[in-house]
Protein chains: 4
Amino acid sequence: MADTETKPSKRSREAAETRENILEVATHEYADKGLAGARIDEIAEKTASSKRMIYYYFGGKDELYRAVLERAYHRIRAQEQDAHFENLPPVEALRAIIGHNFDYHFEHPDFVRLVMNENVHHGEHIAHIASMKPRNRSVIESLGAILKKGAEAGVFRAGIDPVDLHSMISALSFYNVSNRHTFLHNFGVDFAEPAVRAKRREQIIACILAWVTRD
Amino acid sequence: MADTETKPSKRSREAAETRENILEVATHEYADKGLAGARIDEIAEKTASSKRMIYYYFGGKDELYRAVLERAYHRIRAQEQDAHFENLPPVEALRAIIGHNFDYHFEHPDFVRLVMNENVHHGEHIAHIASMKPRNRSVIESLGAILKKGAEAGVFRAGIDPVDLHSMISALSFYNVSNRHTFLHNFGVDFAEPAVRAKRREQIIACILAWVTRD
Amino acid sequence: MADTETKPSKRSREAAETRENILEVATHEYADKGLAGARIDEIAEKTASSKRMIYYYFGGKDELYRAVLERAYHRIRAQEQDAHFENLPPVEALRAIIGHNFDYHFEHPDFVRLVMNENVHHGEHIAHIASMKPRNRSVIESLGAILKKGAEAGVFRAGIDPVDLHSMISALSFYNVSNRHTFLHNFGVDFAEPAVRAKRREQIIACILAWVTRD
Amino acid sequence: MADTETKPSKRSREAAETRENILEVATHEYADKGLAGARIDEIAEKTASSKRMIYYYFGGKDELYRAVLERAYHRIRAQEQDAHFENLPPVEALRAIIGHNFDYHFEHPDFVRLVMNENVHHGEHIAHIASMKPRNRSVIESLGAILKKGAEAGVFRAGIDPVDLHSMISALSFYNVSNRHTFLHNFGVDFAEPAVRAKRREQIIACILAWVTRD
DNA sequence: GATGAATGAGTGTTCATTCAT
DNA sequence: TATGAATGAACACTCATTCAT
C-alpha cells in the first residue's frame with residue numbers, strides 16, 4: 001500500500017514525538033547544566049515519557065547528549081542555508097549575514113551553551129558526529145562568494161580568507177551569549193538588554209565591515 | 001603580633017604552601033572538567049596533601065571552586081595592571097594592549113575554561129566573590145585614557161565606550177581558546193597552531209584598529 | 001479433528017518450529033550464562049521470532065528455562081533408552097554404558113551446564129517438572145539388570161546398588177565437563193583435549209570396573 | 001616504634017574485620033545465587049557495614065567475587081597442606097587423603113558452589129587470580145609421593161599420574177555436593193543424609209583404591 | 001595538622017514484562 | 001500471530017562529605 005509510506009502509523013508518529021520531546025527537554029538541560037551537571041532523572045521528569053525511554057531511544061546519557069548536539073548544529077546550518085543573501089550587493093550581503101548570525105546566537109542561547117560545553121569536553125563528542133562537515137562547507141562557500149564579488153567590485157580588500165572572516169563573525173556573536181554572566185558581573189553591562197544588544201549588533205557589523213573594507 | 005607577618009612560622013608557611021598546592025591542582029581540574037565534572041577525590045589525589053585538607057582549608061567543593069576562580073581573575077587583572085602602555089602613542093598602546101590580551105588568553109587556557117564554566121553556571125559563583133570590581137575598573141580606565149588621547153590626537157573616532165572596546169578585544173581573544181575544539185572539527189583550522197595563532201593575532205589587532213580609527 | 005493430528009496445518013507446523021527454535025536458542029543461552037545471567041532480550045534477538053513469542057509460548061523467563069531443562073533431560077534419557085547393551089556380556093555391557101555416558105557428557109556440554117545451573121538454584125525448577133521419574137527409573141533398571149547378570153556370572157561383586165553405580169559413572173563423567181575450566185587453570189590439563197579425553201575415558205572405565213569386580 | 005608493627009591500631013584492626021565480614025557474607029551469597037544472581041544490595045544488608053564499603057574495599061561486584069573465590073581456594077589448599085599423611089603407609093595415606101577431600105567438600109558446600117559458578121563463567125575470573133598455581137602444585141606433589149612409595153612397596157600400580165588420581169578423587173567428592181539437588185530429585189537419594197554420605201565415603205575410597213592397587 | 005575508614009543520598013543503567021496496533 | 005513502544009522496579013556504582021584516631 002502506498003499509504004504505508006505517505007501516512008505513517010499512529011504508533012510511529014507518536015514514537016517520533018516521544019523522541020523529539022526527549023531531545024527538546026534534553027537540549028535545554030544539557031545547555032543549562034552541561035553534560036556532567038545534567039541529570040538523566042531530571043530530564044526524564046520533564047519529559048512526557050520516562051527515563052526508560054531515553055535509554056530505549058538513545059542508549060545512554062552520552063549518546064543522548066550527542067543526539068542533542070547534532071540536532072543543534074543541524075538547525076543552525078539549516079537556518080544559514082535558508083538565508084540567501086548572495087543576490088544582495090556585497091556590503092549589504094555581509095551586513096545581513098553578520099546580523100543574521102548575531103541574532104541567531106542571541107535567539108538560541110541553548111546552542112551557544114551546548115557548544116561551550118562541547119569545548120569544555122575538548123570536542124570529544126562532536127568528533128563522533130559524522131555529516132557535519134558538508135554543512136559547514138556551505139557557510140564558508142557563501143562567505144567566499146561574497147568576498148570575491150566585493151573584491152571584484154573594489155569594495156573589499158582582496159585576499160581575505162572566508163574561514164578567517166567566519167571566525168571573526170562567530171567570535172563576536174558568540175561572546176555576547178557565552179560570556180554574558182561574567183561580563184555583567186565584571187562590568188555591569190548585560191548584553192541581553194535590548195538597547196545593549198542593538199548597540200552591539202551595529203558595532204560588530206561596523207567592526208567587521210571596517211576590517212574587510214580598509215586596506 | 002608583628003612576628004606573624006614578618007617571620008611567618010614554619011607551620012604557617014607550610015600551610016600556605018599546602019593551600020597554594022591545592023589551588024593549583026584544583027584550578028587545572030576545574031578548568032579541565034568543569035565544576036560538575038571535577039572530582040574532589042581526583043583533586044586530592046593529585047595534591048601533595050589529602051582530601052581532608054581541602055575541607056579544612058576551603059570548606060567544600062564549591063568553595064574551593066570559588067577560591068580557584070577568584071585566584072584566576074586576580075592573576076589576569078594583576079598582569080593587566082603590570083603592563084603599562086599608557087605612555088605609548090595611542091595606536092601603539094592599543095596594539096600592545098590587544099596583543100597582550102590575545103596572548104594572555106592563549107597562555108592561560110585554564111583561565112578561559114574557568115570563565116566558560118562560570119558562565120555555564122550562570123555566573124552564580126563569581127557573584128559571591130567580592131573585591132573583583134575595583135580591579136576591573138582599572139582595565140576600563142586604562143582603555144578609556146588611550147581612547148581619549150587617541151581621539152584628541154585625531155587618530156581615533158570620538159565617542160567610543162571603553163567597555164565596548166574591551167568587549168570587542170575580549171570576544172576576539174577569548175574565542176580562539178574557548179572554541180578551539182569545535183572550530184577545529186568544523187573547519188579544520190587549529191587556532192593553537194603557531195602560524196594560525198600569529199595570523200589571527202594580526203587580524204584581530206587590525207580589525208579593532210580599523211574599527212576605532214577615523215576613516 | 002483427526003486432521004489436526006495427521007495433517008498438521010501449516011500454521012501449527014510453523015508454530016512448532018517457532019517453539020523449537022526458541023528452545024534451541026534458549027538452551028544455549030541458559031547453558032552459557034545460567035538462569036540469572038541469561039537475558040530474554042538476547043535470546044529473542046538470536047531467535048527467528050521475537051520477544052513477544054517467548055511470552056506467548058512459554059509465559060516468562062523461568063517457564064522458558066523449565067521447558068529448556070525438561071527438553072534437555074528428555075534427550076539424555078531418550079539416548080540412554082535407545083542404547084541397548086543388555087545383550088552384551090556384563091563386563092562389556094558396563095564398559096559400553098560407561099563409555100556411552102562419558103561421551104554423552106562431552107558431546108552435550110549444554111546439558112551438563114544446565115544441570116550445574118539447576119543445582120546452583122537448589123533444584124527448585126526441576127522439582128516442578130513432572131514425568132521425569134519414570135524415565136530415570138529405566139536407567140537404574142538397566143544397570144541393575146547388568147549387575148545382576150554379572151553377579152550371577154561371578155564377574156561382579158554381589159550387593160552393588162545400581163543407584164550407587166550410576167552415581168559413580170555420572171560423577172566421573174560429569175566432572176570433566178563441569179569442572180573443565182577450573183581444572184585447566186589449576187592443573188594445566190584440558191579435559192577437552194582429544195588425548196586427555198581418550199585417556200580419561202579409559203581410566204574411568206577401568207576405575208569403575210575395578211570397583212565392581214574387586215572384592 | 002616497634003609497636004606499629006606488632007600492635008596494629010584499633011582502626012586498622014576494625015578495618016580488617018569489616019573486610020573479612022564482607023567476604024564472609026559475600027561468599028555465602030555468591031555461593032548461594034551465583035555471580036549473576038547475587039545482589040550487592042543484599043550482600044550489603046547482611047553485612048555489618050554498608051554497600052559503600054564494598055566498593056571502598058573491593059571496587060565492584062566482580063572484584064568482590066574474585067576476592068571471595070581466591071579466599072575459598074586459599075582455604076582448601078591451606079587445609080590440604082595442614083593435613084600431613086605422608087608418614088602413613090601408602091594405602092592408609094591414600095585412604096586418609098580421599099576421606100579428607102571427601103569430607104572437605106561436604107563441609108564446605110560454599111566452596112563447591114563457587115567453583116561450579118566459576119565454571120559456569122568459563123573460568124574467566126579465576127584466570128585473573130595469581131598465586132594459585134604454587135599451592136595446587138603441593139597437592140599433586142603430595143599425591144605423587146604417596147603413589148611412588150606405594151609403587152615401590154608393590155601395593156600400587158606403577159605409572160599412575162598424580163594429576164589423574166587427583167581428578168578422580170575430586171570428581172567423586174565434588175559430585176555429591178554439586179549435583180545433590182538434581183540427584184535427589186531424579187533418584188530419590190540425598191547425598192547429604194548421614195547414612196548415604198557415610199556409605200558413599202567408603203565406596204569412593206574403595207573405588208579409587210581398587211583402581212590404583214595392583215591386581 | 002593529617003590519615004584511612006565510613007556514610008547516605010543520589011546517578012546512570014538494565015531488566016523482565018506488558019501494551020497498543 | 002506478530003511487532004515496536006512503553007514501563008517501573010531493581011541494579012551496580014559514585015559522589016561529596018564526615019568521623020575516629
Side-chain angles (χ1 to χ4, degrees), chain A residues 9-19 36-44 47-64, chain B residues 10-12 14-15 18 35-44 47-57 59-64, chain C residues 11-12 14-15 18 35-44 48-57 59-64, chain D residues 9-19 36-44 47-64:
Chain A
S9 70
K10 196 181 163 198
R11 293 293 304 281
S12 69
R13 201 180 346 111
E14 281 173 357
E17 275 167 23
T18 302
R19 256 189 76 100
R39 297 288 166 248
I40 287 280
D41 276 280
E42 209 166 334
I43 293 171
T47 280
S49 64
S50 70
K51 181 159 62 158
R52 187 62 191 78
M53 282 295 94
I54 292 174
Y55 286 89
Y56 183 74
Y57 281 116
F58 300 97
K61 192 187 186 184
D62 284 23
E63 287 90 342
L64 175 58
Chain B
K10 195 184 160 197
R11 281 184 90 108
S12 71
E14 280 174 0
T18 300
L35 172 53
R39 299 288 165 249
I40 285 281
D41 277 278
E42 208 166 335
I43 292 171
T47 281
S49 62
S50 71
K51 187 158 55 160
R52 186 70 191 77
M53 287 300 94
I54 292 173
Y55 285 90
Y56 184 79
Y57 283 120
K61 193 187 184 184
D62 283 22
E63 288 88 345
L64 174 58
Chain C
R11 283 184 88 108
S12 71
E14 279 175 0
T18 300
L35 171 53
R39 299 287 167 248
I40 286 281
D41 277 279
E42 209 167 336
I43 292 171
S49 61
S50 72
K51 187 159 55 160
R52 187 68 191 79
M53 287 299 94
I54 292 173
Y55 285 91
Y56 183 79
Y57 282 120
K61 192 187 186 184
D62 283 24
E63 288 87 345
L64 175 58
Chain D
S9 70
K10 196 183 164 195
R11 292 294 303 281
S12 70
R13 201 180 346 109
E14 282 172 354
E17 276 167 23
T18 300
R19 255 189 76 100
R39 298 288 165 248
I40 286 280
D41 277 280
E42 209 166 337
I43 292 171
T47 282
S49 63
S50 70
K51 181 159 62 159
R52 188 61 193 77
M53 282 296 95
I54 292 174
Y55 287 89
Y56 184 74
Y57 281 118
F58 300 96
K61 192 187 185 183
D62 284 24
E63 287 90 341
L64 175 59

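For the numbers below, each heavy atom of this structure counts, side chains included, while hydrogens, waters and symmetry mates do not.
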Taking all atoms of both residues into account, what is the closest heavy-atom pair of Phe58(A) and Arg19(A), and its distance? CE2-NH2, 3.6 Å

So, for Ala44(B) and Ser50(B), which heavy atoms are closest and what is the spacing to 0.1 Å? CB-C, 4.2 Å

Using heavy atoms to find the nearest nucleotide of DNA chain E for Glu63(A) and Ser49(B) separately, return the residue whose nucleotide is more 5′. Ser49(B)

Using whole Å, what does the distance between atom [atom2] of nucleotide [N] and atom [atom1] of [X] come to?
X        : N       : atom1 : atom2 : answer
Leu64(D) : dC13(F) : CG    : C1'   : 13 Å
Glu17(D) : dA6(E)  : CD    : P     : 10 Å
Tyr57(C) : dT3(F)  : OH    : P     : 11 Å
Tyr55(B) : dA6(E)  : OH    : P     : 18 Å
Phe58(D) : dA12(F) : CZ    : P     : 16 Å
Ile54(B) : dT3(E)  : CD1   : P     : 12 Å
Ile43(B) : dT17(F) : CD1   : C1'   : 14 Å

Side chain of Met53(C) (C-beta onward), nearest among dT13(E), dA2(F), dA6(E): dA2(F)

DNA chain F stem ranges, 3 or more consecutive Watson-Crick or G-U pairs under 3.5 angstrom: E:2-21 with F:2-21

Starting at the 5' end of DNA chain F, which residue's closest nucleotide do you reach first, Ala36(B) or Ala48(C)? Ala48(C)

Hey, is the side chain of Tyr56(A) pairing donor to acceptor with the base of dA6(F) inside 3.5 Å? no

Identify the pairs formed between an N or O of the protein and an N or O of nucleotides 9-11 of chain E at a distance under 3.5 Å, and give each distance.
unit_1  : atom_1 : unit_2   : atom_2 : d
dT11(E) : O5'    : Arg39(A) : NE     : 3.3

Under the side chain to side chain contact (heavy atoms under 4.5 Å, CB included) test, residues paired with Ser49(D) that sit two or more places apart: Thr18(D), Ile22(D), Thr47(D), Met53(D)

Could you pull out all residues at least two apart from Lys51(A) that satisfy side chain to side chain donor-acceptor pair (under 3.5 Å)? Asp41(A)

Who are the side chain to side chain donor-acceptor pair (under 3.5 Å) partners of Glu42(D), not counting sequence neighbours? Lys33(D)

Sub-3.5 Å donor-acceptor pair from the side chain of Lys61(A) to the main-chain atoms of Ala38(A), do we have one? yes

Does any part of the side chain of Ile40(D), heavy atoms only, come nearer than 4.5 Å to the side chain of Tyr55(D), both counted from C-beta? yes

Classify the nucleic acid contact of Ser50(A) as base, sugar-phosphate or nothing, counting any heavy atom under 4.0 Å across all strands shown. sugar-phosphate

